[in-house]
Amino acid sequence: MRVRFAPSPTGALHIGGARTALFNWLLARGNGGKLVLRIEDTDRERSTDENVAQILDALEWLGIDWDEGPISQRSLEQRHREVLAQLEADGLAYRSTATGDDVRAWKEVNGSARGFRGEPEAEGALRLRVPDEGETVVRDAVRGEARFAHRHLDDPVIARADGTPLYNLAVAIDDLDEGITHVVRGEDHLSNTPKQVLVLEALGAEPPIYAHLPLLHGPDGKKLSKRHGAASVQELRDAGYLPEAVLNYIALLGAGYDTDQEIFTVGELQERFDLARVSRSPAVFDERKLRHVNGLYLRNLDLPDLTARLERFTGREGIAQAVAISAEKIQRLDEFEPLAGFLFGDPVEDPKAFAKVFGKAESVEALKACREALVAIEGEFSQDAVESALAPIPERLELGAGKVYQPLRVAISGTTISPGIFESVAVLGRDLTLARVDSTLGSLSADGLPA
RNA sequence: GCCGCUAUCGUCUAGGGGACUAGGACGCCGCCCUCUCACGGCGGAAACCGGGGUUCGAAUCCCCGUAGCGGUACCA
């Protein structure tokens, strides 16, 4: 089994492209096959090196590797020219100067359901001669058979007038030369496939098994794009998603593996992946579910691992303690700093939280009581010590725990959301905690209003 | 227009003639847990596109319609 993944080098790896890559990879890895990476760069306008580098980078991040390539179609130009010459010599292809407009005009006369047939000329682009009778059947592992009657098919252009090959020729030759057995790609290629099969047949070759994946849509049912938020793997990475979570979620999109399990290791995925189980209808990329899956993976990471990833993500060091007390509260890496940044930086500016929590005398009283209790701690300013000191306060003041701890939370963090209060105080340390409490107290009058 | 593909809760899906009172997950709603936020637990609302067949029996098979998507380039 030889599987071909061939992205077009447009830069960022689209999530749909990532899923195609993943399915190719799972297919190859799960069956002891080889994954061949091609670059579809027969477009003459596009510069590719930087774009290819980005795609490779995204694949690496996801942990998707390949056995051969990446090979550029452009590097195969000599071979393409030979095949072109042979097809023309055999009378299976002919030169034509007919343009798109000419084809449309021809259909005006012959009927729009009738495929264009041209007359051989001395120059122009090379068109493949499609038989008038019969049909080309695309054998598709996820859809069954798609049948295309020849009389509906236009004679496809397979090379430009300057002799450079077009996509439909290049891929077909490459699949043949590389002995590709499986081509997994997006559904947008299904209509191209009969052209490629026709090229293969003109060359006397057997077409590979195709599998056309349903496209990915945004929440509005339209093709997934940047305006839906993250649309590329790179954007997902920057948003703080974990590669293994992205991989797992994408594998779920448009395919079913089990009735009561959604979290799979890569090994399980490879073992269970089956083209026949891939869905045939388009799937909507739901970032909320990705987020959920990501949270599962995140909470499953051991502390050193999570810390290392957060250090890389935030560019900070020495955040181990802050990570330890925040780990169970975040679902994405980017949520760490807003939640715990006050532990190694300034408190958050959140006047609304301030106004909400302080506004009454009892809050100030509670904060003062907390201060006294913390000052009284002798020895290590540990979480246990902090908790022992603060725990009796609610009962003593006859206030709910929230009434006591929220003022302290706001004082040290600047906002109403943080890791657990005892942990936070202990990690912040005696000096900083007291300094922030005092600063807060100093800015308030006795009734809790801004002084 | 023409060619092709597709159609189960809002979303991802299970289902491949009787096991369906249509299952799970995300999201949503309610309750519980609780120092905030998350997590977790319990409960709830929520779907077979429409119409014809085939069959003793259809979410499952066939046809038609409708809708969505893709293609219709000397792009990929």
Side-chain angles (χ1 to χ4, degrees), chain A residues 6-10 40-46 73 96-100 103-104 107 111-116 124-127 138 140 143-144 146-149 152-154 156-168 170-171 185-194 212 214-215 217 219 221-223 249 252-263 277 279-293 295-296 299 326-331 335 339 353 357 390-391 394 400-406 408-410 413 415-422 424:
Chain A
S8 65
T10 51
E40 304 295 359
D41 55 358
T42 49
D43 188 324
R44 315 316 282 181
E45 317 272 290
R46 195 144 57 203
Q73 289 284 5
S96 167
T97 56
T99 62
V103 170
R104 276 184 285 278
K107 284 174 186 271
S112 53
R114 188 76 177 77
F116 173 76
L126 200 67
R127 282 184 187 267
V138 175
D140 190 300
R143 283 154 215 283
R147 320 183 82 91
F148 297 83
H152 294 317
L153 261 25
D154 295 332
V157 176
I158 54 176
R160 301 178 179 87
D162 66 5
T164 57
L166 253 32
Y167 168 74
N168 287 130
V171 279
R185 67 222 314 193
E187 191 192 337
D188 48 342
H189 285 278
L190 183 55
S191 300
N192 284 324
T193 309
H212 289 93
L215 265 15
H217 291 166
K222 297 281 199 300
K223 195 170 158 63
Y249 173 68
L252 254 32
L253 256 193
Y257 297 85
D258 202 317
T259 54
D260 58 357
Q261 185 183 346
E262 292 200 315
I263 301 301
R277 291 203 62 113
S279 155
R280 284 155 299 163
S281 52
V284 172
F285 175 73
D286 183 5
E287 194 171 335
R288 288 177 306 188
K289 184 149 184 177
L290 203 212
R291 194 187 168 82
H292 167 78
V293 172
L296 257 27
R299 267 173 262 117
S326 310
E328 61 182 18
K329 294 178 181 293
I330 61 174
Q331 299 200 81
E335 291 165 16
L339 180 75
V357 171
L390 296 179
K403 300 266 190 209
V404 173
Y405 300 137
Q406 278 302 78
L408 179 57
R409 186 188 312 282
V410 173
S413 75
T415 187
T416 53
I417 300 173
S418 82
I421 192 66
F422 308 129
S424 294

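- In terms of modelled atom types and a separation under 3.5 Å, the side chain of Y249(A) and the main chain of R291(A) share no donor-acceptor contact.
- The partner of G57(B), taking Watson-Crick or G-U wobble pairs whose two distances both stay under 3.5 Å, does not exist in any strand shown.
- Considering only heavy atoms from C-beta on, L290(A) comes within 4.5 Å of F285(A) through its side chain.
- Across all strands, T42(A) comes closer than 4.0 Å only to sugar-phosphate atoms, never to a base (heavy-atom distances).
- Taking atom CG of D154(A) as the reference point, atom P of G4(B) lies 13 Å away to the nearest angstrom.
- Across all strands shown, G16(B) forms no Watson-Crick or G-U wobble pair with both key distances under 3.5 Å.
- In this structure, the CZ atom of R104(A) is 15 Å from the C1' atom of C3(B), given to the nearest Å.
- Between R185(A) and E40(A) there is no salt bridge, since no side-chain N of the basic residue sits under 4.0 Å from a carboxylate O of the acidic one.
- Following rounding to the nearest Å, F148(A) (CZ) and U72(B) (P) show an atom-to-atom distance of 12 Å.
- Annotation: of the two residues near RNA chain B, Y167(A) and V103(A), the 5′-most nearest-nucleotide partner is V103(A).
- Nucleic acid contact class of S413(A) (heavy atoms, under 4.0 Å, all strands): none.
- Of the P atoms belonging to U8(B) and U60(B), the separation is 12 Å, rounded to the nearest Å.
- Side-chain contact between T42(A) and T164(A): absent, with no pair of heavy atoms (C-beta onward) separated by less than 4.5 Å.
- Residue contacts shown for R185(A) are absent, as no nucleic acid heavy atom lies under 4.0 Å away.
- U34(B) makes up no base pair with any nucleotide shown, lacking Watson-Crick or G-U wobble contacts both under 3.5 Å.
- In this structure, the side chains of L408(A) and L390(A) come closer than 4.5 Å at one or more pairs of heavy atoms.
- Taking each heavy atom of K107(A) and F116(A) in turn, the nearest pair found is NZ-N, 4.4 Å.
- Taking the C1' atoms as reference points, G44(B) lies 37 Å from G65(B), given to the whole Å.
- At a threshold of 4.5 Å between non-hydrogen side-chain atoms, the residues H292(A) and E262(A) do not count as touching.
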Nucleotide N/O of nucleotides 61-70 of chain B paired with protein N/O under 3.5 Å:
residue	atom	partner	partner atom	Å
G70(B)	N2	S191(A)	OG	3.2

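- Annotation for R143(A): atom CZ counts as buried by contact number, over 12 foreign heavy atoms lying within 6.0 Å.
- No engagement by R44(A) is indicated, since no non-hydrogen atom pair under 4.0 Å with the nucleic acid exists.
- Considering only side-chain N and O atoms, R114(A) lies nowhere under 4.0 angstrom from the phosphate OP1 or OP2 of C2(B).
- To the nearest whole angstrom, the two C1' atoms, one in G24(B) and one in A67(B), are 28 Å apart.
- Counting to the nearest Å, the C1' atom of C3(B) and the CG atom of N192(A) are 12 Å from each other.
- Of all non-hydrogen atoms in P194(A) and L153(A), the two that sit nearest each other are CB-CD2, 4.2 Å.
- Between the side chain of H217(A) and the main chain of V284(A), no donor-acceptor pair closer than 3.5 Å is present.
- Rounded to the nearest Å, the gap between the C1' atom of G40(B) and that of A59(B) is 35 Å.
- When the C1' atom is compared between C62(B) and U55(B), the two are found 12 Å apart, to the nearest whole Å.
- On a pure distance criterion of 3.5 Å, no polar donor-acceptor pair joins the side chain of D41(A) and the base of A76(B).
- C74(B) atom P lies 7 Å from atom CG of L166(A), rounded to whole Å.
- Distance noted for atom P between G43(B) and C49(B): 29 Å (whole Å).
- A58(B) sits 13 Å from U21(B) when the P atoms are compared, rounded to a whole Å.
- The pairing partner recorded for C26(B) is G10(B), the criterion being a Watson-Crick or G-U wobble arrangement whose two distances lie under 3.5 angstrom.
- Between I158(A) atom CD1 and C74(B) atom C1' there is a gap of 12 Å when expressed in whole angstrom units.
- When the P atom of C75(B) is taken as reference, atom CD of Q73(A) falls 15 Å away, rounded to whole Å.
- R127(A) and D154(A) are not joined by a salt bridge, as no carboxylate oxygen comes within less than 4.0 angstrom of a charged side-chain nitrogen.
- A sub-4.0 Å separation between OP1 or OP2 of C74(B) and a side-chain N or O of R127(A) is present.
- Residue A113(A) is in sugar-phosphate contact alone, with no base atom involved, counting any heavy-atom pair closer than 4.0 Å across all strands shown.
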Per-nucleotide protein contact along nucleotides 27-46 of chain B, 5' to 3', at a 4.0 Å heavy-atom cut-off (B base, S sugar-phosphate only, - neither), is S-------BBBBS-------
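- Among the protein residues, A255(A) comes within range of the sugar-phosphate backbone only, with heavy atoms under 4.0 Å from sugar or phosphate atoms but none that close to a base.
- Using Watson-Crick or G-U wobble geometry with both donor-acceptor distances under 3.5 Å, C69(B) finds its partner in G4(B).
- Taking 4.0 angstrom as the limit, R160(A) places a side-chain polar atom (N or O) nearer than this to OP1 or OP2 of C75(B).
- Sequence order on RNA chain B of the closest nucleotides to A125(A) and R143(A) puts R143(A) first from the 5' end.
- Of all heavy-atom pairs spanning L190(A) and H212(A), the tightest one is CD1-ND1, 3.5 Å.
- Between U66(B) and G52(B), the two C1' atoms lie 14 Å apart (nearest whole Å).
- The partner of C48(B) is absent, by the rule that a Watson-Crick or G-U pair needs both atom distances under 3.5 Å.
- The two atoms that bring R409(A) and T416(A) nearest to each other are CD-O, 3.1 Å, heavy atoms only.
- In the set C2(B), U8(B), A76(B), the nucleotide with an atom closest to the side chain of S8(A) is A76(B).
- Within 4.0 Å of D162(A), counting heavy atoms only, lies no atom of the nucleic acid at all.
- E262(A) comes within contact range of at least one nucleobase, with a heavy-atom separation under 4.0 Å.
- The distance from atom NE2 of H212(A) to atom C1' of A76(B) is 13 Å, rounded to the nearest whole Å.
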